[in-house]
Amino acid sequence: MRSDVNRYIDLATTALALGIAVEPLLVKPCNVSRLWDRGNLTLGMFVFTALRAVRLFDNCLKDVKMGIFRFGKRIHDLVLDVFTLIGENTCIGTSILLVPIAYATYSMLYRGTPPSDIVSVCTYATFLVRKYSTYVDTLYFYKVLRTIAPSYTRRSIGEARCPDIYSHDYDIKIIRGNISLWEVFEESSQIDIVCAQVVDCYCDVIKLCNDIVRMLEDNKFIGKTLLVKLLLRYVDTMLLRKYGREIAFELCRILLELIQGAYDILDLAFVNNAYCRNVNLGSFADLIACALSLVVLDSLLKNDYDTFRKLISAR
């Protein structure tokens with residue numbers, strides 16, 4: 001029994017990291033893909049990030065064995081590690097999403113109750129952050145945000161309790177207010193679709209997981225179809241923060257029409273090169289990466305290698 005648990009833990013680690021590497025392999029305008037870079041970001045950077053993420057998840061497993069949860073530190077460690085080595089932020093969004101899922105998955109496997117499905121994993125991940133995150137997690141989270149200084153981060157991360165990210169006394173306010181990472185995510189969820197997933201049991205990511213499984217049966221261009229589905233449902237957080245609501249909605253409308261009308265890789269390349277230089281759908285990419293990890297996790301834990309093989313061959 002113990003050897004089976006160890007095997008599934010090993011497979012879970014692979015699955016969690018694999019989504020980071022597979023996401024940019026999909027052909028999607030406005031994101032890095034196997035066919036084009038995006039500014040300074042390249043496919044190789046995301047492959048490297050996935051490799052470094054294995055170390056992160058191993059550390060999450062060690063935490064679980066000790067009965068502790070260090071959400072903020074683990075997010076901080078991966079993002080800072082990658083940023084220091086390659087000079088770019090490739091994983092703040094995916095770290096926010098995948099660290100709680102890693103803790104949930106390892107906790108369930110380690111106590112001998114393998115996840116029955118991805119919904120149970122996501123529900124438990126949300127529970128863990130709500131119950132066990134502390135102001136220490138928040139301090140680590142603020143620290144890494146201040147270091148990487150993402151362009152889409154406004155001067156304030158929240159509206160009520162959470163202090164300004166760039167405030168000189170942010171740490172004192174966090175400690176005095178005893179502000180947990182859950183509270184930060186809860187406030188940020190109003191304007192950030194990534195943080196909203198952790199708060200809402202990953203409801204939008206789970207929809208993407210179901211979409212992916214259906215697409216694999218038809219062997220479609222997964223990247224294009226996933227992007228269309230997201231544009232039909234939401235506005236990317238990065239666009240909202242950069243351009244405001246009105247312009248962001250209009251950009252998404254135009255992109256949706258262009259991508260829906262792209263029938264092959266050449267069309268998608270044209271849309272990307274002609275219209276996407278100043279449009280970054282980074283939050284959508286984070287959701288897709290998380291969904292890919294969950295689909296791989298679900299398939300490997302169920303010994304469904306057919307789904308797994310189709311996924312790593314998808315475009």
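Computed from a prediction, not measured in an experiment: that's the story for all the values here.
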task: Before giving the answer on salt bridge (Lys or Arg N to Asp or Glu O under 4.0 Å), spell out for R214 and D211 the whole-Å C-alpha distance, their side-chain angles and the decisive distance to 0.1 Å.
output: CA-CA 5 Å; R214 285 193 295 268; D211 291 337; 2.6 Å; yes

- request: Would you please test D236 and R241 for salt bridge (Lys or Arg N to Asp or Glu O under 4.0 Å) and show each step?
  value: CA-CA 9 Å; D236 189 280; R241 287 179 167 175; over 6 Å; no

task: Output, in order, the C-alpha distance, side-chain angles, deciding distance and verdict of side-chain contact (heavy atoms from CB on, under 4.5 Å) for N6 and D10.
output: CA-CA 6 Å; N6 288 335; D10 180 57; over 6 Å; no

Stepwise side-chain contact (heavy atoms from CB on, under 4.5 Å) test for C162 and I179: CA-CA 7 Å; C162 300; I179 300 172; 4.3 Å; yes

query: Between C60 and T105, does a side-chain contact (heavy atoms from CB on, under 4.5 Å) hold up when you go through it step by step?
result: CA-CA 10 Å; C60 289; T105 303; over 6 Å; no

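Within the 4.5 Å cutoff, the side chain of D286 has no heavy atoms near those of the I193 side chain. Using a 4.5 Å heavy-atom cutoff, the side chains of K28 and E23 are in contact. Two residues are said to be in side-chain contact when any heavy atoms from C-beta on lie closer than 4.5 Å; P29 and L227 meet this criterion. A heavy-atom distance below 4.5 Å is found between the side chains of L255 and C276. Side-chain contact between D306 and D304 is present, with at least one heavy-atom pair separated by less than 4.5 Å. Contact check for S299 versus L311: no side-chain heavy atoms found under the 4.5 Å cut-off. Counting heavy atoms from C-beta outward, T237 and F284 have side chains that stay 4.5 Å or more apart. When side chains are defined from C-beta on, I101 does not count as touching S293, because their heavy atoms never get closer than 4.5 Å.
If you chain together hydrophobic residues whose side chains sit under 4.5 Å apart, L230 and L232 fall into the same group. By the rule that hydrophobic residues join a cluster once side-chain heavy atoms approach within less than 4.5 Å of another member, L11 and V54 end up as members of separate clusters. Under a hydrophobic clustering in which Ile, Leu, Val, Met, Phe, Trp and Tyr are joined whenever their side-chain heavy atoms come within less than 4.5 Å, directly or via other members, I9 and M66 fall into different clusters. Hydrophobic clustering (ILVMFWY, side-chain heavy atoms < 4.5 Å, transitive): V136 and I68 are in distinct clusters. By the criterion of side-chain heavy atoms lying less than 4.5 angstrom apart, applied directly or through intervening Ile, Leu, Val, Met, Phe, Trp or Tyr residues, I172 is not grouped with I175; the two fall into different hydrophobic clusters.
Atom CZ of R176 has 12 or fewer neighbouring heavy atoms from other residues, nucleotides or ligands inside a 6.0 Å radius. For Y275, the OH atom sits in a loose shell: 12 or fewer heavy atoms of surrounding residues, nucleotides or ligands are nearer than 6.0 Å. Under a cut-off of 6.0 angstrom, the local environment of NZ in K310 is crowded, with over 12 non-hydrogen atoms contributed by other residues, nucleotides or ligands. Counting heavy-atom neighbours within 6.0 Å of N303 CG, excluding the residue itself, gives a total above 12. More than 12 heavy-atom neighbours from other residues, nucleotides or ligands sit within 6.0 angstrom of OH on Y170. The number of heavy atoms from other shown groups lying within 6.0 Å of CZ (R111) is above 12. More than 12 heavy atoms of other residues, nucleotides or ligands sit less than 6.0 Å from atom OH of Y305. For CZ of F270, the number of neighbouring non-hydrogen atoms (other residues, nucleotides, ligands) closer than 6.0 Å is 12 at most.
Shortest non-hydrogen contact noted between D137 and Y132 is OD2-O, 4.2 Å. Between W36 and N31, the shortest heavy-atom distance links the atoms NE1-O, 2.8 Å. Closest heavy-atom contact between P24 and F46: CG-CB, 3.6 Å. Nearest heavy-atom pair across T138 and L181 is OG1-N, 2.9 Å. In terms of heavy atoms, V129 sits closest to S133 at O-OG, 2.7 Å. Closest approach of V194 and G93 over heavy atoms only: CG1-O, 3.7 Å.
At least one donor-acceptor pair under 3.5 Å links the side chain of E183 to the backbone N or O of S180. A donor-acceptor pair under 3.5 Å links the side-chain atoms of Q197 to the main chain of V205, judged by distance alone. Between the side chain of T113 and the main chain of M108, a donor-acceptor pair closer than 3.5 Å is present. With hydrogens and angles ignored, the 3.5 Å screen pairs a side-chain donor or acceptor of K224 with a backbone N or O of A262. Using a distance-only test at 3.5 Å, with no hydrogens or angles considered, no donor-acceptor pair links the side chain of D37 to the main chain of G39. The backbone N or O of E186 sits less than 3.5 Å from a side-chain atom of S189, completing a donor-acceptor pair. Side-chain N or O atoms of N89 include one that pairs as donor or acceptor with a backbone N or O of I92 at under 3.5 Å. Between the side chain of T126 and the main chain of V198, a donor-acceptor pair closer than 3.5 Å is present. At least one donor-acceptor pair under 3.5 Å links the side chain of T84 to the backbone N or O of L80. A donor-acceptor contact shorter than 3.5 Å links the side chain of N273 to the backbone of A269.
Screening F185, W182, F71 for a ring-ring contact (aromatic ring centres under 6.0 Å, His included) with F141, the sole residue that qualifies is F185. Tested against I259, the residues V271, T225, D267 include a single side chain to side chain contact (heavy atoms under 4.5 Å, CB included) partner, V271.
When only modelled atom types and interatomic distance are considered, D171 and Y135 share no side-chain donor-acceptor pair under 3.5 Å. In this structure, a donor-acceptor pair under 3.5 Å is present between the side chains of D63 and Y103. With no hydrogens or angles considered, no side-chain donor-acceptor pair links Y202 and T123 at under 3.5 Å.
If you take OG1 on T14 and CG on L16, they are separated by 9.0 Å, rounding to the nearest 0.5 Å. Between L98 atom CG and L297 atom CG the span is 10.0 Å, to the nearest 0.5 Å. Interatomic distance, L239 CG to Y234 OH, rounded to the nearest 0.5 Å: 15.5 Å. Residue I222 holds its CD1 atom at 10.5 Å from CZ of R315, rounded to the nearest 0.5 Å. With rounding to the nearest 0.5 Å, the separation of CG in L281 from CG in L287 is 11.5 Å. The structure places OG1 of T42 at 9.0 Å from CD of E88, a figure rounded to the nearest 0.5 Å.
At a threshold of 4.0 Å, the pair R74-D77 counts as salt-bridged, since one of the basic side-chain nitrogens sits closer than that to a carboxylate oxygen. The existence of a salt bridge linking D204 and K229 is excluded, since no basic side-chain nitrogen approaches an acidic carboxylate oxygen closer than 4.0 Å. Ion pairing between D298 and K302 holds under the 4.0 Å rule for side-chain N and carboxylate O. Note on R55 versus D58: no salt bridge recorded, every NZ/NE/NH1/NH2 to OD/OE distance being 4.0 Å or above.
Hydrophobic cluster membership of L51, counting Ile, Leu, Val, Met, Phe, Trp and Tyr whose side-chain heavy atoms lie under 4.5 Å apart directly or via other members: none, as it forms a cluster of its own.
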